[in-house]
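Quick caveat: nothing in here was measured; it's all calculated off a predicted structure. Reminder, nothing fancy here: chain letters follow the sequence lines and each chain counts from 1.
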2 protein chains.
Amino acid sequence: MARTVPLLIDIATGDTRPIVRQITDGVRIKISTGEIEPGDQLPSVRGLAQQLGINPNTVAKAYAELTTEGWLEARQGLGLYVAPKRQRLSRGERERRFDDAVQRFVADVVPLNIAPEEVHARIDAEFAALQRRRA
Amino acid sequence: MARTVPLLIDIATGDTRPIVRQITDGVRIKISTGEIEPGDQLPSVRGLAQQLGINPNTVAKAYAELTTEGWLEARQGLGLYVAPKRQRLSRGERERRFDDAVQRFVADVVPLNIAPEEVHARIDAEFAALQRRRA
DNA sequence: CATCTGTACTGTTAGTGCTAGTACAGTACA
DNA sequence: TGTACTGTACTAGCACTAACAGTACAGATG
């Protein structure tokens, strides 16, 4: 359902990721899991910035990135909305990102000497936790 | 077997990771997979730097990080050696890193809309590829 | 017209990655 | 003893990025 009320977005303060990255990751996941849907309106640049206590430019940068990637649609003077579901990235780009993610993950995890079954279990658990957040 | 000859380490040039990170990741994986073993000697700071065409300080920084983490042992005036296999990280630290890795991986992958089975398959494949590199 | 929206600049500050150079102490060997 | 290796410890500088600060402008709405 397309909500007209701006949504709340929560950003963890103790995160090592850059703020822009936290916002883009958060929105992408919320859209992917269906927590927010095409047509929903996002908080305004200034509104979200004030809510999070960060600079409006930082939010604008995150929104701009999400817009060029096809996740959001901007309507000048109105606000930002979740774009209709379509292919947001090219096949090649998707494959490349998936590749990078897997490589980095394995590089991070292998030295920790964790059993493969536990790795799979934890990933599934994390997936499930995200899906469970859906309205 | 403890080799006395310095090993070759290859660093990809088209990698987005910082050089220090590429080195530390590479060495950690080589040790984890058994490609290099406790007692093996690593290339000298200056030697590896020259081989890779980078600054000796960069290599030294990577080696220092690996040493403080317990992966390597330095013998002043002699060189760096793979440390004996023991608990390299505390339980809590391991858990924390594993958590971070899973969280980031899921954040990267979920928006790509890839089937969970394929995710697991690719991870297993990557694991297997690393294990296959062992002597 | 006033006020909201996104967008687009310039400029500054702080941190990091990397390079460059120098110096010093321990080890090995002729 | 001298020389040439090893790792280690500094300082300094450059380039890039994240984030903040400030300002301005155009479109939409009432």
Next on the checklist: Please report the distance, rounded to the nearest Å, between CD in B/Glu65 and C1' in D/dG7.
Outcome noted: 17 Å

Quick one: list whatever passes side-chain hydrogen bond (donor to acceptor under 3.5 Å, both in side chains) with [X], sequence neighbours left out.
| X | value |
| --- | --- |
| B/Arg104 | A/Asp108 |
| B/Asp100 | B/Arg96 |
| A/Arg46 | none |
| A/Thr58 | none |

Between the protein and nucleotides 26-30 of chain D, list the N/O to N/O atom pairs that are separated by less than 3.5 angstrom.
unit_1: D/dG27; atom_1: N2; unit_2: A/Gly77; atom_2: O; d: 3.2

Item to check | Salt-bridge present (A/Arg28, A/Glu69; N to O < 4.0 Å) | outcome: yes

Checklist entry - Should A/Glu93 and A/Arg97 count as an ion pair when the cut-off is N to O under 4.0 Å? => result yes

Checklist entry - Would the number of heavy atoms belonging to other residues, nucleotides or ligands and lying under 6.0 Å from CD of A/Glu95 be above 12? => result yes

Checklist outcome for this item: Heavy-atom nearest pair, A/Glu65 first then A/Val20, reads OE1-CG1, 4.0 Å

Checklist outcome for this item: On a heavy-atom basis, the closest approach of B/Pro38 and B/Pro84 is CB-CA, 3.9 Å

[X]: what forms a salt bridge (Lys or Arg N to Asp or Glu O under 4.0 Å) with it, not counting sequence neighbours?
| X | answer |
| --- | --- |
| B/Arg75 | none |
| B/Asp124 | none |
| B/Glu118 | none |

Checklist entry - How is the base pairing of DNA chain C summarised as a dot-bracket string, given the Watson-Crick and G-U wobble criteria with both distances under 3.5 Å, [ ] for crossing and | for another strand? => result ||||||||||||||||||||||||||||||

Report all interatomic pairs (protein N or O, nucleotide N or O of nucleotides 19-21 of chain D) with separations under 3.5 Å.
unit_1: D/dA19; atom_1: OP1; unit_2: A/Ile19; atom_2: N; d: 2.3
unit_1: D/dA19; atom_1: OP2; unit_2: A/Ile19; atom_2: N; d: 3.3
unit_1: D/dA19; atom_1: OP2; unit_2: A/Val20; atom_2: N; d: 3.3
unit_1: D/dC20; atom_1: OP2; unit_2: A/Asn55; atom_2: N; d: 3.2
unit_1: D/dC20; atom_1: OP2; unit_2: A/Thr58; atom_2: OG1; d: 2.6
unit_1: D/dA21; atom_1: N7; unit_2: A/Asn57; atom_2: ND2; d: 3.3
unit_1: D/dA21; atom_1: N6; unit_2: A/Asn57; atom_2: ND2; d: 2.8

Next on the checklist: Under 4.0 Å from a heavy atom of chain A: give me the 5'-most and 3'-most nucleotides of DNA chain C that qualify.
Outcome noted: C/dT5 to C/dC9

Next on the checklist: With ring-ring contact (aromatic ring centres under 6.0 Å, His included) as the rule and sequence neighbours excluded, what pairs involving residues 89-109 of chain B come up?
Outcome noted: A/Phe105-B/Phe105

Next on the checklist: Which is more 5' along DNA chain D, the nucleotide nearest B/Ala60 or the one nearest A/Arg46? Just name the residue.
Outcome noted: B/Ala60

